*Asks:* 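Below you'll find the structure I mean.
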Amino acid sequence: KLVSINLPSTIETIGGYAFYGNDLRLFDFKKLKQLKVIERSAFTHNKIISVDFSENKELTKIGYDSFFGNEISTLILTGADKLEEIDDWSFQENNLRENYVIADLPNLKRLGLGSFYESGLLGISFSNLPNLETIDRYSFYGNSITSLEISNLPKLNSIGYFAFNSNNISSVILKNLPLLKDIGAYSFAQMRIKTLTLQNLPSLKNINDYAFYRNGMTNLVFDNVPNMEYFGDYSFSSNSIPEFDFFFFSNLKTIAAHT
C-alpha cells in the first residue's frame, strides 16, 4: 500500500478511486494549483490527517465519498474560491474535533448528502457563503455540535432531512434567510434544543414531519415568518412549549397530526 505520493503541479483532475484504500497520511494539495476536480472515492480509506485547499484556486468540486474514512483533524477550505460543491459523504467519518467554520467560499452552492456525517465536529458555523443553496440530507448528522446559528445566507433554500440530527444541540437560531422554504423532516429531532429562534424567514412555508420532535424545548420564537403553510406530523411534538399562537400565520393551510 502507498504511504506517500508526489504528483506534478500540472494535475487538473484526480480521478475516481485513484488512491482508494492506501495508507497515505500526508498529502500536499497546495502545489496542485491547477487542480479542478477530485472525483469520487479518490482518497477513501486512507490515514490522511490534514487537508489544505487554500491554494487550490481552480478547484470546483470535491467528489462523492472522496475523503471518507480518513483521520482528518485539520481541514482548510477557505481560499478555494471557485469551489461549487462538496459532494455526498465527502468527509464522512473523520476526526474534525473542532468548532469548524465554513467561510469565504463565494461560489459554494451545495453541501451534499452526509458531507460531514459523523466527522467529529464540536461545532459548525457558516460565514460569507453568498451562493449556498442547499444544506443537504444528513449533512452534519452524528457529530457533537452543541449550538447552532444559520444566518445571513441569501440563497439558502432548503435544510434537508436529518441534516443536524443526532448532535447535542441546545440552541438553534435560523435568521435572515430570505429564500429558505423548507426545514426537512427530522432535521433537528431528538436532541436537547431548549431554545429555537426563527427570525426573518419570509419564504419559509414548510416545517416538515418530526423536524423538532422530542427536544424538551421550552422557548420557541417566530419573528417575521409570515408565509408558513404547513406544520408537519409531530413537527413540535414531545416538547415543553407552554403556549403558541397560530393566529399570525395568515397563509397557514395544514396543522398535521400530533404537531
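Keep in mind the model is a prediction, meaning the values are calculated, not measured.
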*Asks:* Only pairs under 3.5 Å count here: list side-chain donor-acceptor contacts from residues 157-166, not counting sequence neighbours, and write none if there are none.
*Replies:*
from	atom 1	to	atom 2	distance (Å)
Asn165	ND2	Tyr186	O	2.9
Asn165	ND2	Ala189	O	3.4
Ser166	OG	Tyr141	OH	3.3

*Asks:* Can you list everything that forms a salt bridge (charged side-chain N to carboxylate O under 4.0 Å, His left out) with Lys31? Sequence neighbours excluded, please.
*Replies:*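 Not a single residue meets the salt bridge (charged side-chain N to carboxylate O under 4.0 Å, His left out) criterion with Lys31.
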*Asks:* Is it true that Asp136 and Arg110 have a side-chain N and a carboxylate O under 4.0 angstrom from each other?
*Replies:*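 Yes.
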*Asks:* Between Phe19, Trp89, Phe91, which is the residue that forms a ring-ring contact (aromatic ring centres under 6.0 Å, His included) with Phe67?
*Replies:*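 Considering Phe19, Trp89, Phe91, a ring-ring contact (aromatic ring centres under 6.0 Å, His included) with Phe67 is found only for Phe91.
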*Asks:* Nearest 0.5 angstrom please: Glu84 CD to Leu105 CG, how far?
*Replies:*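 Those atoms lie 11.5 Å apart.
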*Asks:* Tell me whether Leu7 shares a hydrophobic cluster with Ile38, the cluster being built from Ile, Leu, Val, Met, Phe, Trp, Tyr side chains joined at under 4.5 Å.
*Replies:*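 Hydrophobic grouping puts Leu7 with Ile38.
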*Asks:* If you look at every heavy atom in Pro130 and Pro106, which pair is closest and at what distance?
*Replies:*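 That would be CG-O, 3.7 Å.
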*Asks:* The criterion is side chain to side chain donor-acceptor pair (under 3.5 Å); which residues satisfy it with Asn239, sequence neighbours excluded?
*Replies:*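 None.
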*Asks:* Return all side-chain donor-acceptor pairs below 3.5 angstrom for residues 222-233, not counting sequence neighbours, or 'none' if the list is empty.
*Replies:*
from	atom 1	to	atom 2	distance (Å)
Asp223	OD2	Gln199	NE2	3.2
Asn224	ND2	Asn200	OD1	3.1
Asn227	OD1	Asn251	ND2	2.8
Asn227	ND2	Pro202	O	2.6
Tyr230	OH	Asp209	OD1	3.1
Asp233	OD1	Ala257	N	3.1

*Asks:* For Arg40, check side chain to side chain donor-acceptor pair (under 3.5 Å) against everything at least two apart and list the hits.
*Replies:*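 Residues passing side chain to side chain donor-acceptor pair (under 3.5 Å) with Arg40: none at all.
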*Asks:* Taking Phe126 as the fixed residue, which of Leu111, Val101, Asn152, Leu156 is the one that meets the side-chain contact (heavy atoms from CB on, under 4.5 Å) rule?
*Replies:*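 Exactly one pass, corresponding to Leu111.
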*Asks:* Okay, side chain of Asn208, backbone of Ala185: is any donor-acceptor separation there less than 3.5 Å?
*Replies:*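 Answer holds: no.
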*Asks:* Treating Asn56 as the side-chain partner and Leu32 as the backbone partner, does any N or O pair qualify as donor plus acceptor under 3.5 Å?
*Replies:*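 Yes, because the side chain of Asn56 sits within donor-acceptor range (under 3.5 Å) of the backbone of Leu32.
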*Asks:* Which pairs pass side-chain hydrogen bond (donor to acceptor under 3.5 Å, both in side chains) with one or both residues in residues 63-77, sequence neighbours excluded?
*Replies:*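 Sorted pair list: Arg25-Glu71, Ser41-Asp65.
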*Asks:* Could you give the distance from CD1 (Ile49) to CG (Leu24), rounded to the nearest 0.5 Å?
*Replies:*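 One gets 12.0 Å once the value is rounded to the nearest 0.5 Å.
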*Asks:* Please evaluate residues Phe246 and Phe244 with respect to the criterion ring pair (Phe, Tyr, Trp, His ring centres under 6.0 Å), reporting the C-alpha separation (whole Å), side-chain torsions for both, the decisive distance (0.1 Å), and the verdict.
*Replies:* CA-CA 7 Å; Phe246 290 94; Phe244 188 74; 4.7 Å; yes
*Asks:* Could you list the residues that satisfy ring-ring contact (aromatic ring centres under 6.0 Å, His included) with Phe27, not counting sequence neighbours?
*Replies:*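 Here the qualifying residues are Phe29, Phe43.
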*Asks:* Could you tell me which residues satisfy side chain to side chain contact (heavy atoms under 4.5 Å, CB included) with Pro8, sequence neighbours excluded, listed by chain and number?
*Replies:*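 Pro8 satisfies side chain to side chain contact (heavy atoms under 4.5 Å, CB included) with Thr10, Ile11 once adjacent residues are dropped.
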*Asks:* Kindly say whether Met191 contributes a backbone atom to a donor-acceptor pair with the side chain of Asn215 at under 3.5 angstrom?
*Replies:*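 The answer is yes, because a donor-acceptor pair under 3.5 Å joins these two groups.
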*Asks:* CG/Asn219 to OG/Ser240 distance, rounded to the nearest 0.5 angstrom?
*Replies:*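 Nearest 0.5 Å value for the CG-OG distance: 12.0 Å.
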*Asks:* Do any N or O atoms from the side chain of Asn167 and from the backbone of Ile145 form a donor-acceptor pair under 3.5 angstrom?
*Replies:*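 Such a contact is found between Asn167 side chain and Ile145 backbone.
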*Asks:* Using the test side chain to side chain contact (heavy atoms under 4.5 Å, CB included), find all partners of Ser119 that sit at least two apart in sequence or belong to another chain.
*Replies:*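 Testing Ser119 for side chain to side chain contact (heavy atoms under 4.5 Å, CB included), a comparison that skips the adjacent residues, returns Leu96, Phe116, Leu121, Asn143.
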*Asks:* Please check this pair: side chain of Glu93 against backbone of Gly69, looking for a donor-acceptor N/O pair closer than 3.5 Å.
*Replies:*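 Flag not set: sc Glu93 to bb Gly69 has no pair under 3.5 Å.
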*Asks:* Leu77 vs Ile86, test: side chain to side chain contact (heavy atoms under 4.5 Å, CB included). Steps then yes/no.
*Replies:* CA-CA 10 Å; Leu77 295 168; Ile86 300 174; 3.8 Å; yes
*Asks:* Can you list the steps and then say if Leu196 with Phe188 is a side chain to side chain contact (heavy atoms under 4.5 Å, CB included)?
*Replies:* CA-CA 10 Å; Leu196 171 64; Phe188 297 94; over 6 Å; no
*Asks:* What do the steps show when you test Ile241 against Thr218 for side chain to side chain contact (heavy atoms under 4.5 Å, CB included), and what is the final call?
*Replies:* CA-CA 5 Å; Ile241 301 165; Thr218 57; over 6 Å; no
*Asks:* Apply salt bridge (charged side-chain N to carboxylate O under 4.0 Å, His left out) to Lys57 and list each qualifying residue two or more places apart in sequence or on a separate chain.
*Replies:*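 Counting only residues at least two positions away or on another chain, Lys57 forms no salt bridge (charged side-chain N to carboxylate O under 4.0 Å, His left out).
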*Asks:* What residues form a ring-ring contact (aromatic ring centres under 6.0 Å, His included) with Tyr20, not counting sequence neighbours?
*Replies:*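 With neighbours one apart ignored, the set is Tyr17, His45.
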*Asks:* Do NZ/NE/NH1/NH2 and the carboxylate oxygens of Glu85 and Lys109 come within less than 4.0 Å?
*Replies:*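 So Glu85 does not pair with Lys109 through a salt bridge.
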*Asks:* Drop me the distance from Ile76's CD1 to Ser50's OG, to the nearest 0.5 angstrom.
*Replies:*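 If we round to the nearest 0.5 Å, Ile76:CD1 and Ser50:OG are 6.5 Å apart.
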*Asks:* Let me check something: do Leu220 and Tyr234 share a hydrophobic cluster, defined by ILVMFWY side-chain heavy atoms less than 4.5 Å apart, either directly or through other members?
*Replies:*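 Leu220 does not cluster with Tyr234.
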*Asks:* Of the non-hydrogen atoms in His258 and Ser237, which two are nearest, and what is the gap between them?
*Replies:*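 Where His258 meets Ser237 most closely, the heavy atoms are O-CB, 3.2 Å.
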*Asks:* Between CG of Asn22 and CD1 of Ile48, what distance do you get to the nearest 0.5 Å?
*Replies:*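 It comes to 9.5 Å.
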*Asks:* Measuring from atom CG of Leu122 to atom CG of Asn168, what distance do you get when rounded to the nearest 0.5 angstrom?
*Replies:*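 Spacing of CG (Leu122) from CG (Asn168) equals 10.0 Å.
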*Asks:* Verify the cluster assignment for Val51 and Val3: are they in a single hydrophobic cluster under the rule of side-chain heavy atoms below 4.5 Å apart?
*Replies:*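 No, separate clusters.
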*Asks:* Would you say the side-chain atoms of Asp245 pair up with the backbone N or O of Phe247, donor to acceptor, closer than 3.5 Å?
*Replies:*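 Judged by distance alone, yes, a pair lies under 3.5 Å.
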*Asks:* Please answer whether the main-chain N or O of Ser115 pairs with a side-chain N or O of Ser90 as donor and acceptor at a distance below 3.5 Å.
*Replies:*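 Checking the backbone N and O of Ser115 against the side chain of Ser90, no donor-acceptor pair under 3.5 Å is found.
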*Asks:* Would Glu12 and Lys36 count as a side chain to side chain contact (heavy atoms under 4.5 Å, CB included) if you check the C-alpha gap in whole Å, the side-chain angles of each, and the deciding distance to 0.1 Å?
*Replies:* CA-CA 5 Å; Glu12 295 183 356; Lys36 296 179 180 178; 4.1 Å; yes
*Asks:* Tell me every residue that passes salt bridge (charged side-chain N to carboxylate O under 4.0 Å, His left out) with Lys30, counting only those two or more places apart in sequence or in another chain.
*Replies:*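 Partners of Lys30 by the salt bridge (charged side-chain N to carboxylate O under 4.0 Å, His left out) criterion, ordered by chain and then number, come out as Asp52.
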